Amino acid sequence: LVIFGGTGDLARRKILRGLYRRFQAGQITDKGRIIGAARTDLGDEGFRDFVRLAIEEFVPGDRRDEDSLTGFLTHIYYVAIDAKGTTGWSALKSRMRPDVVRAFYFSVGPALFGDLAERLHSHAIADDQSRIVVEKPFGRDLETARALNKVLASHFAEGQIYRIDHYLG
């Protein structure tokens, strides 16, 4: 799982704590990787520190323990990436495991959805088994939602796209 916008507020408050709870429930395998991707140059250890602080802040103390948090952090990695440029994409590709379903969580502004989708394909990171999750208000109205759908559909089949719309939630 790659979380684009991995250092953002949505990741910090919601996504990371949800993934931690899935880890505690045994739903993240030993081979599972969670890769944060954002502009900031943190490195793996810096991102693990970020994740630890997020879990400590947003997961109640009675729902976390040091052993499970330490175990969860062994699945955490980071890549500094430029969503609109070329920086970081080869590093991300090198972190991907072969022969697994790859999921990409677009926890960024909708203006970056097309750039991310295009670069995932142009750098041969996404394939026909890959999935994307788009998490944001999906456009401002029907016209902008259709435009976003058109961009995503040019890189992913409908069955590969999972939309979470805050306005409809």
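Every heavy atom of this structure was used, including side-chain atoms; hydrogens, water molecules and symmetry mates were not. Bear in mind that the values here come from a model prediction, so they are computed numbers and not experimental data.
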Exercise answer: donor-acceptor pairs, residues 29-42 side-chain atoms, under 3.5 Å, sequence neighbours excluded:
unit_1: T29; atom_1: OG1; unit_2: K31; atom_2: N; d: 3.4
unit_1: T29; atom_1: OG1; unit_2: G32; atom_2: N; d: 3.2
unit_1: R33; atom_1: NH1; unit_2: R95; atom_2: O; d: 2.4

### Query
Passes salt bridge (charged side-chain N to carboxylate O under 4.0 Å, His left out), R52 versus E66? Steps please.
CA-CA 10 Å; R52 175 181 284 282; E66 187 57 34; 3.0 Å; yes
### Task
List in chain and number order the residues that pass ring-ring contact (aromatic ring centres under 6.0 Å, His included) with F50, two or more places apart in sequence or in another chain; answer none if no residue qualifies.
F47
### Query
Taking it one step at a time, do I15 and Y105 satisfy side-chain contact (heavy atoms from CB on, under 4.5 Å)?
CA-CA 9 Å; I15 298 169; Y105 203 118; 3.4 Å; yes
### Query
What are the two closest heavy atoms between I3 and A11, and how far apart are they?
CG2-CB, 4.4 Å
### Separation of L10 CG from S107 OG (nearest 0.5 Å)
4.0 Å
### Query
Do any pairs count as a ring pair (Phe, Tyr, Trp, His ring centres under 6.0 Å) and have a residue in residues 51-70, sequence neighbours left out, and if so which ones?
none
### Query
Does R12 pair with E57 as a salt bridge, N-O distance under 4.0 Å?
yes
### Message
Contact between F104 and L1 at the side-chain level, heavy atoms closer than 4.5 Å - yes or no?
### Response
no
### Query
Measuring from H155:NE2 to S130:OG, what's the distance to the nearest 0.5 Å?
13.5 Å
### Task
Any side chain to side chain donor-acceptor pair (under 3.5 Å) involving residues 19-28? Give me the pairs, sequence neighbours left out, ordered by first then second residue.
Y20-Q24, Y20-S68, R21-Q24, R22-Q27, Q24-S68
### Query
For the side chain of T70 and the backbone of D67, is there at least one donor-acceptor N/O pair under 3.5 Å apart?
no
### Message
Quick check: is Y162 connected to L19 through a chain of hydrophobic side chains (ILVMFWY, heavy atoms under 4.5 Å apart)?
### Response
yes
### Query
According to the interplanar angle, ranging from 0 to 90°, do the rings of H121 and F156 count as parallel (below 30°), tilted (30 to 60°) or perpendicular (above 60°)?
perpendicular
### Message
Closer than 3.5 angstrom, by distance alone: can the side chain of Q129 be matched with the main-chain N or O of V101 as a donor-acceptor pair?
### Response
no
### Message
Looking at R48 and E45, is there a salt bridge between them, counting it only when a charged N and a carboxylate O are closer than 4.0 Å?
### Response
yes
#### Entry: Test: E118 and K84 ion pair at under 4.0 Å
no
### Pairwise distance CZ(R163) to CG(L148) - rounded to 0.5 angstrom
9.5 Å
### Query
About how many Å separate CD of Q160 and CZ of R102, when rounded to the nearest 0.5 Å?
12.5 Å
### Query
By ring-ring contact (aromatic ring centres under 6.0 Å, His included), which residues pair with H123, not counting sequence neighbours?
W89
### Heavy-atom donor-acceptor pair, R13 side chain to D9 backbone, under 3.5 Å
no
### Task
Give me the one residue out of L120, I125, V79 that meets side chain to side chain contact (heavy atoms under 4.5 Å, CB included) with K93.
I125
### Query
Roughly how far, to the nearest 0.5 Å, is the CD1 atom of I55 from the CZ atom of R64?
9.0 Å
### Task
Evaluate the criterion side-chain contact (heavy atoms from CB on, under 4.5 Å) for residue pair L152 and F113; output intermediate values, then yes/no.
CA-CA 7 Å; L152 294 178; F113 291 174; 4.0 Å; yes
### Side-chain touch D65/L69, heavy atoms, less than 4.5 angstrom
no
## Note on the structure
Residues at least two apart in sequence or cross-chain that pass side-chain contact (heavy atoms from CB on, under 4.5 Å) with A83, listed by chain then number, are L112, L116
#### Entry: ILVMFWY cluster, V134 and V151 together (side-chain gap under 4.5 Å)
no
### Query
Would R119 and T86 count as a side-chain contact (heavy atoms from CB on, under 4.5 Å) if you check the C-alpha gap in whole Å, the side-chain angles of each, and the deciding distance to 0.1 Å?
CA-CA 8 Å; R119 280 160 184 76; T86 58; 6.0 Å; no
### Query
Between V51 and F72, what is the shortest heavy-atom contact and its length?
CG1-CE2, 3.7 Å
### Query
So, the side chain of D44 versus the backbone of Y78: is there a donor-acceptor pair under 3.5 Å, distance only?
yes
### Task
Evaluate the side-chain proximity of F106 to V133: yes if any heavy-atom separation is below 4.5 Å, no if none is.
no
